[in-house]
Amino acid sequence: MTQTPLQNTTAVPPVAKKVPSTREHHGDVFVDNYEWLRDKESPEVVEHLKAENAYQEAVTAHQEPLREAIFQEIKGRTLETDLSVPGRKDGWWYYTRSVEGKEYGIQCRVQAHDSGDPVADWTPPAVEPGVELPGEEVLLDGNAEAEGKPFFSVGGTAVTIDGNLYAYAVDNSGEERFTVRFKDLRSGELLPDVIENAFYGLAFSPDGARLFYTVVDDSWRPYQVKAHVLGTPVEQDEVLYQEDDVAMWLGFELSSDRRHLVLSIGCSEFSETRLLRFDDYDAGLTTVISRDEHLLYEAEPFLLEGPGGSKAETILLTHNKDAINSMVSVVNPAEFAKPLAEQDWRTVVAHSDGVRVNGAGVTATHLLVSVRQDTIERVQVIPLAGLGTPEQAAAVEPAFDEELYTAGVSGSDYEAPVVRMGYTSYFTPSRVYDFVLPTADQPQGELLLRKESPVLGGYSAADYVATREWATADDGTRVPLSVLRHVSVQQDSTAAGLVYGYGSYEVSMDPGFGVARLSLLDRGIVMVIAHIRGGGELGRHWYEDGKKLSKKNTFTDFVAATDWLAGSGWVAPGRIAAMGGSAGGLLMGAVANLAPEKYAAVVAQVPFVDALTSILDPDLPLSALEWEEWGNPITDPEAYAYMKSYTPYENIRAVAYPKIAAVTSFNDTRVLYVEPAKWVQALRETTTGSEPVVMKIEMDGGHGGASGRYVQWRERAWDYAFVADSLGATELLPGAGLK
């Protein structure tokens, strides 16, 4: 692998002392010299991390002009004073303003007015950047909230149906534990009620008397749903439900018609839904299908009109019963009292080997279904009339004209005649549509474009190309790739390339526009997004073939994607970099061990590189939840041995590693900073090459990095400058860049 001699050769990397600690499981002994770095309260550890930052700053100091150029390109293409498209909830339009020079959004609202024309009443008001609407109210100014704080993030907001009370959750540390406050929107005054250490998600009961929220346990797993009655001491908040299984995740939402609180309990392999009726609150929770049935399902209660015109309580199920790719059924609640094998479930969306059903919901008139086919996420709409009977109408799908795109429901109100949709592709900026739901007069519905996010600086989609290609893995599996490039790049095997991947938790790398990515493409870098096994792009099988004892398929698929790029004729094989974050950071560590010679540089963002150590300790944040993804190495010797054979930290070997950058945050609760801190020490100690291994640590950030938008742009510029510099692709192509 040809390397570019662009680093500061005089900088000396920090060397952590060795304090051997022994980890023993299933007869295997592993000696870890750097586990002591886990003590984040230790002044010695903090000083070491500061030394790591000083080293990376010295090694990458020459990249600062490039970082600044990329930052200015991001900034120059972004309309800094902008706003979201107002969305209606009850009697108000809600939207967010962003203002040039300010890091955070400002949440606002104006009153809605009803004319009797349903579509007109759900047409958002025309709002202009920087122009206040008559009657505009500021609900939350993130800039004022963040002033003097090292970090700022909103974890949820909620408004009562009458529009009088507003609850919001704020995190000022990056640890994803939020403080909830209440604001009386009539007076602007804060209520005395304050809830500490809440997790994501807030919802008021329909009468506005209670606020529902989740609480995490010591391992950062949401395990309680609580109800706070306004005006009462927080210490008296009712625990509606507590989930004691350390491998299960807990969440909640209101049903679409807001008649029920819906609790979702589950892991990646099975789940359980519990319902609370607001009109019979004291009756408590009822279980739809017990987790003992080992089904993966979601349940939505709603009222379905029958042939006689009367409405009956019905449960909408999205489930995997005899359907690995899931399907949709409707069920009379009385059926759940019977043994599962005797229950009558009426099919709404049948199972298909080629179509993955991701979820379903309802409005007052229609069923909304999210499906994935040929890697692409799309939306289907079916009238409720006749649902689950031979009279059920055919699905209607909003049509778009690109091959590679992402479309999804971004918001819906139960009574609304329209559904808010988001749309994007690799080179189409985010669009907001309202889809007018089909009627007898308009059986295909109607797409109404509400906004396309502006891109400044002379951007033209015609300057770029996105194609679908396929790599072939070692076992013959065809792996889909999205290949992005500037139109002027020639297929003469001289360009630079970047391969990006994730491949875990059935998460799909869907097409989406990214302003920052243009800065790489404008420098002639051909970018491959590898849709590797472990993700969800090709259905549930695709996910299951990249987890647990098949996890290595994720890594070899990524290498196959790299080989495709090296042989594509677009790039020089010696000018390829790799990038991934979180579980994709584990991927980066694995492929660096597997095929270090194929990469000139690797950027691992908040990387899960010491996965075995973490998952072996159920007291560490979220570790027990990982057993369904990777296996349980505590109880299963085979799972332990398999993980031990690929986890990056344990498999560093005496080879010449490429340039490596590990980017992390001190307060990350999902992938602790100690993992990359240990990894970079072991890499430097073992590599036979001379390329630098650096760690950049954000001392005030969380799992997503720092919180302000300008700071986030600079972080992205840092990552991309490291890649471009390592590949010798620092200059803009002729005619490319800001105009």
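Here, residue 1 is the first one in the sequence, and each next residue gets the next number.
For an aromatic pair to be called close, the ring centres must be under 6.0 Å apart, and F182 with Y166 fails this.
No option in L317, V328, V369 other than V328 meets the side chain to side chain contact (heavy atoms under 4.5 Å, CB included) test with V348. No option in E715, E80, K102 other than E80 meets the side-chain hydrogen bond (donor to acceptor under 3.5 Å, both in side chains) test with Y710. Evaluated for a ring pair (Phe, Tyr, Trp, His ring centres under 6.0 Å) with F427, the options Y464, Y459, Y405 yield exactly one hit, Y464.
The pair E698-K696 does not count as a salt bridge, with every side-chain nitrogen at least 4.0 angstrom from each carboxylate oxygen. In this structure, D719 does not pair ionically with R714, as no charged nitrogen and carboxylate oxygen lie closer than 4.0 Å. For E243 and R221, the salt-bridge test fails: no basic side-chain N is under 4.0 Å from an acidic carboxylate O. We find that R277 and E313 are joined by a salt bridge, their nearest charged nitrogen and carboxylate oxygen being less than 4.0 Å apart. Ion pair R378/E397 flagged as a salt bridge, since at least one NZ, NE, NH1 or NH2 atom sits closer than 4.0 Å to an Asp/Glu carboxylate oxygen. Here R109 pairs with E137 in a salt bridge; the nearest charged N to carboxylate O distance falls below 4.0 Å. Note on D193 versus R181: no salt bridge recorded, every NZ/NE/NH1/NH2 to OD/OE distance being 4.0 Å or above.
Side-chain atoms of T424 come within 3.5 Å of backbone atoms of F513 as a donor-acceptor pair (strictly under, hydrogens ignored). The backbone N or O of P301 sits nowhere less than 3.5 Å from a side-chain atom of S255 that would complete a donor-acceptor pair. The backbone N or O of G584 sits nowhere less than 3.5 Å from a side-chain atom of S582 that would complete a donor-acceptor pair. The main-chain N or O of R177 is never found under 3.5 Å from a side-chain atom of W220 such that the two would form a donor-acceptor pair. Using a distance-only test at 3.5 Å, with no hydrogens or angles considered, no donor-acceptor pair links the side chain of N172 to the main chain of K149. Side chain of T314 to backbone of A312: a donor-acceptor contact under 3.5 angstrom is found. The main-chain N or O of P438 is found under 3.5 Å from a side-chain atom of H366 such that the two form a donor-acceptor pair. Of the possible polar contacts, none joining the S264 side chain to the F252 backbone as a donor-acceptor pair under 3.5 Å is found. Formation of a donor-acceptor pair under 3.5 Å by the T78 side chain with backbone atoms of I74 is found in this model.
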Subject >> Worked verdict on I161 versus R258 for side-chain contact (heavy atoms from CB on, under 4.5 Å) >> reply: CA-CA 10 Å; I161 291 176; R258 295 191 285 203; 3.7 Å; yes
Subject >> CA sep, side-chain torsions, deciding dist, call: T318, V357, side-chain contact (heavy atoms from CB on, under 4.5 Å) >> reply: CA-CA 8 Å; T318 306; V357 176; 3.9 Å; yes
Original post:
Going through the distances and angles, do S205 and D207 end up as a side-chain hydrogen bond (donor to acceptor under 3.5 Å, both in side chains)?
Top reply: CA-CA 5 Å; S205 58; D207 62 6; 2.6 Å; yes
Original post:
What's the verdict on side-chain hydrogen bond (donor to acceptor under 3.5 Å, both in side chains) for D171 and S173, showing C-alpha distance, side-chain angles and the deciding distance?
Top reply: CA-CA 6 Å; D171 172 19; S173 70; 3.1 Å; yes
**OP:** Would you please test R88 and D413 for salt bridge (charged side-chain N to carboxylate O under 4.0 Å, His left out) and show each step?
**Re:** CA-CA 8 Å; R88 182 168 175 172; D413 188 274; over 6 Å; no
Subject >> Chi angles and distances behind the side-chain contact (heavy atoms from CB on, under 4.5 Å) call for K183, L165 >> reply: CA-CA 6 Å; K183 185 177 182 180; L165 296 179; over 6 Å; no
Original post:
Would E176 and Y200 count as a side-chain hydrogen bond (donor to acceptor under 3.5 Å, both in side chains) if you check the C-alpha gap in whole Å, the side-chain angles of each, and the deciding distance to 0.1 Å?
Top reply: CA-CA 8 Å; E176 298 181 276; Y200 293 101; 2.6 Å; yes
**OP:** Kindly indicate, with the supporting measurements, whether the criterion side-chain contact (heavy atoms from CB on, under 4.5 Å) is fulfilled by E145 and Y104.
**Re:** CA-CA 9 Å; E145 289 283 331; Y104 302 101; over 6 Å; no
Original post:
Does the side-chain hydrogen bond (donor to acceptor under 3.5 Å, both in side chains) test come out yes or no for T406 and E377, once each step is laid out?
Top reply: CA-CA 6 Å; T406 301; E377 182 105 19; over 6 Å; no
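Nearest heavy atoms, L202 versus V180: CD2-CG2, 3.9 Å. Shown here for S425 and L404, the closest heavy-atom pair between the two residues is CB-O, 3.2 Å. Across all their heavy atoms, F400 and A407 have their closest contact at CE1-CB, 3.7 Å. Scanning both residues, D82 and P454, for their nearest heavy atoms gives OD2-CD, 3.9 Å. Nearest approach of S412 to V419, heavy atoms of both residues: CB-CG1, 4.3 Å. Closest of all the heavy-atom pairs between Y213 and A198 is CD1-CB, 4.0 Å.
Cation-pi geometry between K40 and F666 is met: the NZ or CZ atom falls under 6.0 Å from the ring centre, inside 45° of the normal. R420 forms no cation-pi arrangement with W122, by the criterion of a distance under 6.0 Å to the ring centre and an angle within 45° of the ring axis. Taking the centre and axis of the six-membered ring of Y720, the NZ or CZ atom of R67 falls outside the cone set by 45° and 6.0 Å.
The shortest side-chain heavy-atom distance between D434 and E446 does not fall under the 4.5 Å cut-off. In this structure, T96 and S98 have side chains that are not in contact, with every pair of non-hydrogen atoms separated by 4.5 Å or more. With a 4.5 Å cut-off on side-chain heavy atoms, E300 and V362 count as touching. A heavy-atom distance below 4.5 Å is found between the side chains of V349 and I382. Annotation: side chain of E73 is not in contact with side chain of L518 (no heavy-atom distance under 4.5 Å). Side-chain contact between D279 and R259 is absent, with no heavy atoms from C-beta onward closer than 4.5 Å. Side-chain contact between T179 and V194 is present, with at least one heavy-atom pair separated by less than 4.5 Å. Between L448 and F435 there is no side-chain heavy-atom pair separated by less than 4.5 Å.
Rounded to the nearest 0.5 Å, atoms CH2 (W93) and NE2 (H113) are 11.5 Å apart.
The aromatic rings of W713 and F71 lie tilted to each other, with the angle between the two planes from 30° to 60°. The aromatic rings of Y423 and Y433 stand perpendicular to each other, their planes meeting at an angle above 60°, with 30° marking the opposite boundary.
Residues that satisfy the side chain to side chain contact (heavy atoms under 4.5 Å, CB included) test with E305, not counting sequence neighbours, are K311. In this view, W718 and F722 satisfy the ring-ring contact (aromatic ring centres under 6.0 Å, His included) rule, not counting sequence neighbours.
Among residues at least two apart or in separate chains, salt bridge (Lys or Arg N to Asp or Glu O under 4.0 Å) pairs with a member in residues 127-136 are R97-E136.
N667 and S665 share no donor-acceptor pair across their side chains, judged by distance under 3.5 Å alone. With hydrogens and angles left out, the side-chain atoms of D441 and T439 include no donor and acceptor closer than 3.5 Å.
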